[in-house]
**Student:** 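First the structure, which I've put down as structure tokens, then a few questions once you've had a look.
Residue numbering restarts at 1 for every chain, and letters A, B, ... go by the order of the sequence lines.
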2 protein chains.
Amino acid sequence: MIVNTEWYRVFLHAAESSNLTKAAQSLHMTQPSVSYAIKQLEETLGVRLFDRLSKGVRLTQEGQALYLHVRTAFEELDSAERRIKKLKQFSEGHLRICANGAIIKDFLLPSLDAFHARYPSIRIQLSQDRTSRILERLKQGSTDLGFVHLPVLDEEIEVGASHASPYCVVVGTAFADWTLQPLSTERLTELPLLMLSPGSTTRSFIEGWFQSQGLEAEADFELNSLDMLAEFAERGYGAAFLPRGFVASRIASRTLLELRTEVPIPDRHIGIAVRKHSSLSLAAEAFWSMLF
Amino acid sequence: MIVNTEWYRVFLHAAESSNLTKAAQSLHMTQPSVSYAIKQLEETLGVRLFDRLSKGVRLTQEGQALYLHVRTAFEELDSAERRIKKLKQFSEGHLRICANGAIIKDFLLPSLDAFHARYPSIRIQLSQDRTSRILERLKQGSTDLGFVHLPVLDEEIEVGASHASPYCVVVGTAFADWTLQPLSTERLTELPLLMLSPGSTTRSFIEGWFQSQGLEAEADFELNSLDMLAEFAERGYGAAFLPRGFVASRIASRTLLELRTEVPIPDRHIGIAVRKHSSLSLAAEAFWSMLF
DNA sequence: TCTTTGTCATAGAGAGGATCAATAACAGAT
DNA sequence: ATCTGTTATTGATCCTCTCTATGACAAAGA
């Protein structure tokens, strides 16, 4: 049985006011329209829903039964619309970002500051996570933008724009004499190496650079954050590969020294990842356009 | 927010098939119509509900939230329609009658037999009850027809048709000599009187007859059913006022004797009562037309 | 790379149904 | 009897949905 659900809306109002004229008013219709709709409904269902009295209408037994169901159905639709309204407000004033820890300090922070200054009422949700988990979250729709190092090979992910992030190798002042001339990659391996824990894309990036030259990088320290790497490098434990932006102030103040290499260290490329075909929230759109 | 609920129906199918073309098929519409409806819904709610992919559509976060609500709402409407269908079948094959005990045997039974013979599949629900309670049940819609003694003064009740039911006074053979000549009402009061318990309309009817002649009827026996009254009269305990139809066979077999009275005992009038303006069920309609 | 296939979107025309204004019909109440 | 408040009916109108035809696009395959 297929019943025009708009008739149910009319029925609902009629049942609640027991008066077709009043129902028409609350529905912003005329009384004959209501009368017509009720008649259609009754004929479609094959049941008389109201007894017509001289001063209004009265639900029949069947009408009463129908009313209970229809009321809960429309209450459900009401709550659906309220829910949507809330979600809309929320998502419009909401920016969800995931990024690698390396990227946050090196690249994201200034943009984020600017965004927050311009749209202070937009709530920012920033999650630091590993690249693989960021992609997962994008795919399940629980974040809007993902900032990851390229390349990203996932079929369902799209990289919107990219940004080069220069890397450098730094040591503490204890190794000052290593800075006098450019180093071959081979000589570099003679230094103790400070690296992130295995599995991170940043570490793979560095290992890949060595491997492309037929050499094996062996980590002497395995630490969990860029901060720790910089800290240990400063104290003279060895050499660390870090985003130049991240260590720029330390290099300027000469607590860290940059090594020159014969083979240049390639830039890494930071990309903005989104789920393919997903429509961006307004906030995400705004943030995106502030980045470039 | 007022949203055309038919759009929700389209949305529901689209969400369930993740494919507007297939949704259109299951809705017996064309794909552009579905596309249009979804667009309307999205614009009205101000939210994008689907991401459009190259092979179908995918619910957005908001769409998923909406879907859950809309689904339960339409499930509710479904169950409403199933409920109505059942009620319809039921009420069409269902006759609900209430009647005074006195009327059942005296008047209703033969008609009921005929009705049952003609419509054996229609379920008959017969409740024996007091007049006041019958009127209550009519007013609350829990019975279709009420068979009661007239007059009925209730504002909300309508009496459709009436039928005269002759009454008589009977005694057992022990009082045979009382039958020789017509009795004045005064003499009648000298007999022990067998009556129904106080409060019944039948008893009021009899008391009213005495009172209209300035006499007081005093009950010697107060019993609860016509059968009991006949039984006690037969055994010679006194005189009972009973519907002539009810005691006809006993009079014929001379186990009960009818007294003649100078002032004739008026007929009682049985009426078919219905709630004013209520539409009768098919079965009730059929039964009604068999009565006259 | 080009074609094919499957998808959704758009445009414009058309039809059908909901809506309306006017009025009738009806029942209670005054 | 008349008045008031209700629902039902009618016929015209208008709007909205639906349709056909076509476009646009993306993915898969030749």
**Student:** Would you check if the side chain of B:S204 reaches a backbone N or O of B:S200 as a donor-acceptor pair within less than 3.5 Å?
**Tutor:**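 Yes.
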
**Student:** With heavy atoms under 4.0 Å as the rule, sort B:N4 into base, sugar-phosphate or nothing.
**Tutor:** sugar-phosphate

**Student:** Apply salt bridge (Lys or Arg N to Asp or Glu O under 4.0 Å) to A:E6 and A:R9, showing your working.
**Tutor:** CA-CA 5 Å; A:E6 283 302 296; A:R9 188 202 301 281; 3.2 Å; yes

**Student:** From CG of A:L41 over to P of C:dA18, roughly how many Å is that when rounded to an integer?
**Tutor:** 12 Å

**Student:** Without hydrogens or angle criteria, can the side chains of A:T202 and A:R268 be said to hold a donor-acceptor pair below 3.5 Å?
**Tutor:**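 Side-chain D/A pair, A:T202 to A:R268: present.
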
**Student:** Rounded to whole Å, please give me the gap between CE in B:M29 and P in C:dG16.
**Tutor:** 16 Å

**Student:** I'd like the 5' and 3' limits of the part of DNA chain D contacted by chain A, with heavy-atom contacts below 4.0 Å.
**Tutor:**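 The protein-touched segment is D:dT6 to D:dA27.
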
**Student:** For B:H269 and B:S165, does a side-chain donor sit closer than 3.5 Å to a side-chain acceptor?
**Tutor:** no

**Student:** Please list, one pair per line, the donor and acceptor atoms closer than 3.5 Å that link side chains of residues 27-34 of chain A to other protein atoms, with sequence neighbours excluded.
**Tutor:**
| from | atom 1 | to | atom 2 | distance (Å) |
| --- | --- | --- | --- | --- |
| A:T30 | OG1 | A:S33 | OG | 3.1 |

**Student:** Name the orientation class of the two ring planes belonging to B:F147 and B:F107 (parallel below 30°, tilted from 30 to 60°, perpendicular beyond 60°).
**Tutor:**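 Aromatic pair B:F147/B:F107 classed tilted.
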
**Student:** Strictly by salt bridge (charged side-chain N to carboxylate O under 4.0 Å, His left out), give each pair with a member in residues 46-55 of chain A just once, sequence neighbours left out.
**Tutor:**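 Non-adjacent pairs meeting salt bridge (charged side-chain N to carboxylate O under 4.0 Å, His left out): A:E42-A:R52, A:D51-A:R58.
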
**Student:** For the residue pair B:R137 / B:S127, report whether a side-chain donor-acceptor contact shorter than 3.5 Å exists.
**Tutor:** yes

**Student:** Relative to the 5' end of DNA chain D, which residue comes earlier, A:T21 or B:Q40, by the nucleotide with the nearest heavy atom?
**Tutor:**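 By nearest-heavy-atom nucleotide position, the 5'-most residue is A:T21.
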
**Student:** Answer yes or no: is there a donor N or O on one side and an acceptor on the other, between the side chain of B:S18 and the main chain of B:G56, under 3.5 Å?
**Tutor:**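 It does not hold such a pair.
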
**Student:** Just by distance, no angles: are the side chains of B:H13 and B:S26 close enough, under 3.5 Å, to form a donor-acceptor pair?
**Tutor:** yes

**Student:** Rounded to whole angstrom units, what separation is found between the CG atom of B:N19 and the P atom of C:dT5?
**Tutor:**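 Atom CG in B:N19 sits about 18 Å away from atom P in C:dT5.
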
**Student:** Among residues 10-18 of chain A, which ones have heavy-atom contacts with DNA chain C below 4.0 Å?
**Tutor:** none

**Student:** Residues in ring pair (Phe, Tyr, Trp, His ring centres under 6.0 Å) with A:Y167, at least two apart?
**Tutor:**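 Expected list: A:F205.
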
**Student:** Taking protein heavy atoms under 4.0 Å as touching, what does nucleotides 21-30 of chain C look like 5' to 3' if B marks base contact, S marks sugar-phosphate-only contact and - marks none?
**Tutor:** BB----SS--

**Student:** Could you tell me how far apart A:I38 (CD1) and C:dT19 (P) are, to the nearest whole angstrom?
**Tutor:**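 Checked: the CD1 to P distance equals 12 Å.
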
